[in-house]
Amino acid sequence: MLRVGETAPDFDLASTSGLRVNLESLKGRRVVLYFYPRDSTPGCTQEACDFRDAHVALDAVVLGVSADSLGSHDKFRDKHQLPFDLLTDPGNAVARRYGAYGDKNMYGRTVKGTIRSTFLIGPTGQIEAIWSPVRVKGHVDQVLGALSGGGAPAKKATAKKVTKKKATKKKATKKKATKKKATAKKATKKKATAKKATKKKATAKKATKKKATAKKATKKKATKKKATKKKATKKKATKKKATKKKAAR
């Protein structure tokens, strides 16, 4: 990726004006050169329309660059009434020289493609500001601020910023994993407690059953003892009666 203060790489590309455009011919003027992925996609349409609406206030040469054909550019430009030229960059050759083509993240996976980027080039051909990767919302206001010298200065996306974003994502993933682990641990503990309670309940039930069995056995024993005693008493009484009857004879 290029740096602020460096000389912008020259190029010579076909444009929607029917002429070829190069930086050498634009010296003495400030140029807003922006690279975008594809004509007629939501983000690229919004970005183009934002540059269109701020075109007069920008007071600079605005040039949009993508690998789309001139035919595609013409339709895109006519449909949205863009007051600036679109350049076609076959094979993304110029985008590569500006560092606006390479690895980027799309829906959670790394792919090769155009990295939405904007370069503010001064009258002498030096780069005054870089935005990469660009977030479409509010981007044109940043460019206006840099051109007027007011507002927050434009900043290039640095490795530090990417690292910070990566660290935040890593932290969030770690936090999620910890939370998941804690939930699993809690569930295991709850399961163990429930198992313990079930075991305790089963033990209590067993003890109650054992106690009931013992009580039943004791009662049965007492009943048997009582029956035996009654039988013995009856036998004794019968014997006594027989003895008495014998003596009466």
Side-chain angles (χ1 to χ4, degrees), residues 1-13 15-17 19-39 41-66 73 76-77 80-89 92 94-102 104 114-165 168:
M1 177 64 80
L2 298 169
R3 296 178 182 276
V4 172
E6 291 183 352
T7 299
D10 198 7
F11 54 80
D12 186 71
L13 297 174
S15 75
T16 46
S17 66
L19 304 173
R20 298 192 70 82
V21 175
N22 58 67
L23 272 185
E24 188 63 35
S25 64
L26 296 171
K27 277 193 175 177
R29 301 182 68 183
R30 295 177 94 181
V31 178
V32 174
L33 182 71
Y34 79 93
F35 293 87
Y36 64 96
R38 194 174 174 186
D39 291 336
T41 53
C44 298
T45 299
Q46 186 61 59
E47 186 177 22
C49 291
D50 286 347
F51 274 121
R52 174 199 66 195
D53 297 343
H55 190 250
V56 175
L58 286 166
D59 191 27
V61 177
V62 177
L63 298 171
V65 185
S66 84
H73 279 344
F76 184 49
R77 189 178 180 224
H80 299 288
Q81 299 181 345
L82 305 181
F84 51 84
D85 276 332
L86 298 178
L87 315 183
T88 184
D89 180 21
N92 296 288
V94 176
R96 291 173 197 272
R97 290 173 66 193
Y98 274 79
Y101 185 91
K104 63 178 185 176
T114 300
I115 300 165
R116 197 184 300 278
S117 309
T118 301
F119 297 83
L120 176 58
I121 303 167
T124 60
Q126 285 189 315
I127 298 172
E128 295 182 349
I130 300 172
W131 293 265
S132 181
V134 164
R135 288 187 64 184
V136 175
K137 189 176 180 180
H139 174 52
V140 172
D141 290 333
Q142 293 176 321
V143 179
L144 277 167
L147 279 164
S148 62
K155 293 181 180 179
K156 174 185 173 182
T158 61
K160 193 176 179 181
K161 190 176 177 182
V162 174
T163 304
K164 191 178 178 181
K165 193 175 179 181
T168 305

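The figures that follow rest on heavy atoms only: side chains count, while hydrogens, waters and symmetry mates do not.
- For Asp39 (side chain) and His73 (main-chain N/O), a donor-acceptor pair under 3.5 Å exists by modelled atom type.
- Using a 4.5 Å heavy-atom cutoff, the side chains of Tyr101 and Val94 are not in contact.
- The backbone N or O of Ile130 lies less than 3.5 Å from no partner atom in the side chain of Arg3, so there is not a single donor-acceptor pair.
- Using a 4.5 Å cut-off on side-chain heavy atoms (C-beta onward), His80 and Arg77 make no contact.
- Contact detail for Trp131 and Val134: the closest heavy-atom pair is O-CG2, 3.4 Å.
- Residues satisfying the ring-ring contact (aromatic ring centres under 6.0 Å, His included) criterion with Phe84, sequence neighbours excluded, are absent altogether.
- Annotation for Lys104 and Pro37: closest pair NZ-CG, 4.1 Å, computed over non-hydrogen atoms.
- Summarising the geometry, atom CG belonging to Asp10 is positioned 8.0 Å from atom OG belonging to Ser25; distances are rounded to the nearest 0.5 Å.
- Identified under the salt bridge (Lys or Arg N to Asp or Glu O under 4.0 Å) test for residues 130-146, with sequence neighbours left out: none.
- One distance of note links CG of Leu63 with OG1 of Thr16; it measures 9.0 Å at 0.5 Å rounding.
- Legend: residues meeting side chain to side chain contact (heavy atoms under 4.5 Å, CB included) with Arg38, ordered by chain and number and at least two apart, are Thr41, Asp68.
- Between Thr114 atom OG1 and Arg96 atom CZ the span is 9.0 Å, to the nearest 0.5 Å.
- Within the model, atoms CG of Asp85 and OG of Ser17 stand 4.0 Å from one another, a figure rounded to the nearest 0.5 Å.
- With a 4.5 Å cut-off on side-chain heavy atoms, Leu58 and Leu147 count as touching.
- Judged as a ring-ring contact (aromatic ring centres under 6.0 Å, His included), and not counting sequence neighbours, the contacts of Tyr98 are Phe35, Phe119.
- Annotation: the span from Arg97 atom CZ to Leu2 atom CG amounts to 9.5 Å, rounded to 0.5 Å.
- Remark: the backbone N or O of Glu6 is not paired with any side-chain donor or acceptor of Gln126 at under 3.5 angstrom.
- The list of side-chain hydrogen bond (donor to acceptor under 3.5 Å, both in side chains) pairs with a residue in residues 47-58, not counting sequence neighbours, reads Gln46-Asp50, Glu47-Arg116.
- Side-chain N or O atoms of Arg29 include none that pairs as donor or acceptor with a backbone N or O of Pro123 at under 3.5 Å.
- With a 4.5 Å cut-off on side-chain heavy atoms, Val21 and Leu13 do not count as touching.
- For the pair Val62/Tyr34, a side-chain contact is recorded, criterion being any heavy-atom separation below 4.5 Å from C-beta on.
- Ser132 approaches Ile115 most closely through the heavy-atom pair OG-CG2, 3.8 Å.
- Residue Leu26 holds its CG atom at 8.5 Å from CD1 of Ile121, rounded to the nearest 0.5 Å.
- Closest non-hydrogen pair, Cys49 versus Leu82, comes out as N-CD2, 4.5 Å.
- Closest approach of Ala146 and Leu120 over heavy atoms only: CB-CD2, 4.0 Å.
- If you check the side chains of His139 and Thr118, you find a donor sitting under 3.5 Å from an acceptor.
- Looking at every heavy atom in both residues, Leu23 comes nearest to Pro9 through CD1-O, 3.3 Å.
- Residues satisfying the side chain to side chain donor-acceptor pair (under 3.5 Å) test with Asp89, not counting sequence neighbours, are none.
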